[in-house]
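These notes concern the structure reproduced below.
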Amino acid sequence: MSTAAKGLEGVIAADTELSFIDGEKGVLEYVGIAIDELARHSSFEETVFLLWNKRLPKKNELDEFRTLIRKNSEISDATVAQINALPKTAQPMHALRTMVSYLALEDSEPNSVKPDEVQRKALSILCKAPAIVTTFDRRRRGLERVSPDPDLSIAANFLYMLNGKKPTETMERAFDVCLILHADHGLNASTFTGRVIISTLSDIYSTITGAIGALRGPLHGGANEGVMTMLNEIPSVDDVEKYVLDKLKRKDKIMGFGHRVYKAYDPRATYLKTLAKQLASDTGNSDLYEKSHRVEEIMDREVGSKGIYPNVDFYSATTYHCIGLQLDLFTPMFALSRISGWTGHALEQLETNRLIRPGAEYNGPHGVSYTPIEKR
Ligand code: CMC
């Protein structure tokens, strides 16, 4: 009988002061501040400062941070050339992962793990990621790239570079809130990946590249694309019940439901549900919201008693669709935000670093004699 904790469930593998989760009560806090408070009052820029400094910035500090962000948002001509050399058919998550890795090649000292250097490099990655994703996306759509506008926030700039026109205040705010909600979430799979990489005293480029790879999976950040694919497969609200029941009967997972930690409603989903409903009504996508809501009703009836509720990815799918994002940009959008959390954790890991190197229980044979190849 193995003593390994399958999926490392229940294993405490790091100390953190960044995000607190109470999965039974459905609570999430960044540095002690409830996620709901941040979603209502903060901006993504301020949230990034919070996660990297473990306190909210004073006004002048936030102004300086915004200036730094503006200075770092444009990508070099060489980076643009590299993006243009990628196959247009590539998936945006693969393109983003490749290009974050490439950014290390433009850094004359990519390997420094001094905290101020790590933070400076991570800021550059965080600021350049929106330009990377939008440059890649516009090229595959046959459109000219749009340079960042230094007067815009990270959220507005992403939508501006994507669409070539400045977003409305409502869209900017909705997108900004999505960035805040996705910024950090304890020792999730991609953050753990990042902490393992930086614990070897490797560099922040490798840390974020590896974390992007982990995030892409459908059991993690890739679930938001799975949700949209599912909603597209269901012709109408009336077809939801049969669709969900068939899937449950086959023991298929319904994307956007369930969580390793939350056994109550994910507080991010609560916020996103309201946002999705509002945006769906504003953009003529109410049918999409109605389908989502019906999926939730059926899931609640069938498996709610097992503590399976919508997670952050469920209503973010409808939200992103209403904001105008193409399906395969949903997970990159998650990554753009989570770079902030990965960096916060990398900085925290470096504060008291010890190589992360767990053990494995060996269950194979012993003393097997070597068989020469011609006798196998
Ligand atoms: N649909 C149907 N049944 C489910 C689901 C679901 N989405 N999630 C869990 N279950 C059932 C599962 O079948 C199992 O039932 P039983 O005990 O009868 O075999 C039980 O709940 C426990 O599931 P598990 O897969 O062992 O739980 P886990 O803690 O290993 O997995 C999870 C957590 C998030 C991977 C899983 O709930 C899942 O695959 N959900 C769908 C993918 C998804 O939405 N992922 C995003 C997670 S939140 C954002 C993020 O971190 O990126």
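All values below were derived from every heavy atom in this structure, side-chain atoms included, with hydrogens, water molecules and symmetry-related copies excluded. In each ligand, atom 1 is the first atom listed, and ligand 1 is the first ligand listed.
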Next on the checklist: Less than 4.0 angstrom from a charged side-chain N to a carboxylate O is my criterion; do E109 and K121 meet it?
Outcome noted: no
Checklist entry - Looking at R294 and E297, does any basic side-chain N land under 4.0 Å from a carboxylate oxygen? => result yes
Item to check | Proximity flag G221 to ligand 1, non-hydrogen atoms under 4.0 Å | outcome: yes
Next on the checklist: Just to check, does L219 reach to within less than 4.0 Å of ligand 1 when the distance is taken from its heavy atoms?
Outcome noted: yes
Next on the checklist: Less than 4.0 angstrom from a charged side-chain N to a carboxylate O is my criterion; do K263 and D22 meet it?
Outcome noted: no
Next on the checklist: Given 3.5 Å as the limit, does a donor-acceptor pair link the side chain of R195 with the main chain of A346, or not?
Outcome noted: no
Next on the checklist: When you compare the side chain of Y243 with that of K291, does any pair of heavy atoms fall below 4.5 Å?
Outcome noted: no
Next on the checklist: Checking the N or O distance criterion of under 3.5 Å, is ligand 1 in contact with V312?
Outcome noted: no
Checklist entry - Can S19 and E29 be counted as having a side-chain donor-acceptor contact under 3.5 angstrom? => result no
Next on the checklist: Is there a polar contact, in the sense of an N or O pair closer than 3.5 Å, between F334 and ligand 1?
Outcome noted: no
Item to check | Backbone or side-chain N or O of H220 under 3.5 Å from ligand 1 N or O | outcome: yes
Checklist outcome for this item: ligand 1 atoms nearer than 4.0 angstrom to some heavy atom of A223 are 43 (C), 44 (O), 45 (N), 46 (C)
Checklist entry - Among protein heavy atoms, which lies nearest atom 34 (C) of ligand 1, and at what distance? => result G258 O, 3.7 Å
Item to check | Ligand-residue contact atoms, ligand 1 with G256, heavy atoms, under 4.0 Å | outcome: 43 (C), 44 (O)
Next on the checklist: If we count only non-hydrogen protein atoms and require a distance under 4.0 Å, does atom 41 (C) of ligand 1 qualify as touching the protein?
Outcome noted: yes
Next on the checklist: Is it true that T209 and R97 share a donor-acceptor pair across their side chains at a distance under 3.5 Å?
Outcome noted: no
Next on the checklist: In the complex you have, is atom 22 (C) of ligand 1 within reach of the protein, judged by whether a heavy-atom distance drops under 4.0 Å?
Outcome noted: no
Next on the checklist: Strictly inside 4.0 angstrom of atom 9 (C) of ligand 1, do you find any protein heavy atom?
Outcome noted: yes
Next on the checklist: Looking only at side-chain N and O atoms, does R338 offer a donor or acceptor that is under 3.5 Å from a partner on H182?
Outcome noted: no
Next on the checklist: Before we go on, tell me: are the rings of F158 and F175 under 6.0 Å apart, centre to centre?
Outcome noted: yes
Checklist entry - Do L231 and S292 come close enough that some side-chain heavy atom pair is under 4.5 Å? => result yes
Next on the checklist: With heavy-atom distances below 4.5 Å as the criterion, would you say the side chains of Y102 and T79 are in contact?
Outcome noted: yes
Next on the checklist: Quick check: N311 and ligand 1, any N/O pair under 3.5 Å apart?
Outcome noted: yes
Next on the checklist: Does ligand 1 come near enough to K263 that some N or O of the ligand is less than 3.5 Å from an N or O of the residue?
Outcome noted: no
Checklist entry - Of all the non-hydrogen atoms in the protein, which one sits nearest to atom 28 (P) of ligand 1, and at what distance? => result R260 NE, 3.6 Å
Checklist entry - Does the protein put any heavy atom within less than 4.0 Å of atom 15 (O) of ligand 1? => result yes
Next on the checklist: With clusters defined by side-chain heavy atoms of hydrophobic residues (ILVMFWY) lying less than 4.5 Å apart, directly or transitively, does L347 cluster with I356?
Outcome noted: no
Next on the checklist: How far is atom 13 (O) of ligand 1 from the closest protein heavy atom, and which atom is that?
Outcome noted: K253 CE, 3.9 Å
Item to check | No-hydrogen, no-angle side-chain donor-acceptor test under 3.5 Å, S206 and D203 | outcome: yes
Next on the checklist: Within ligand 1, which atoms have a heavy atom of M255 less than 4.0 Å away?
Outcome noted: 41 (C), 42 (C), 44 (O)
Checklist entry - Does some non-hydrogen atom of the protein lie less than 4.0 angstrom from atom 52 (O) of ligand 1? => result yes
Checklist outcome for this item: Residue, atom and distance of the protein heavy atom nearest atom 4 (C) of ligand 1 read I308 CD1, 3.6 Å
Checklist entry - With a 4.0 Å cut-off, strictly under, does atom 31 (O) of ligand 1 pick up any protein heavy atom? => result no
Checklist entry - What part of D266, side chain, backbone, both or neither, has a heavy atom within less than 4.0 angstrom of ligand 1? => result neither
Next on the checklist: Pairing donors with acceptors under 3.5 angstrom, does anything connect the side chains of K128 and S124?
Outcome noted: yes
Next on the checklist: To check your reading of the model: name the closest protein heavy atom to atom 49 (C) of ligand 1, its residue, and the distance in Å.
Outcome noted: D313 OD2, 3.2 Å
Checklist entry - Is K306 touching ligand 1 with its side chain, its backbone, both, or neither, if touching means heavy atoms under 4.0 Å apart? => result side chain
Next on the checklist: For ligand 1 and I254, I'd like to know whether there is a polar contact (N/O to N/O, distance under 3.5 Å).
Outcome noted: yes
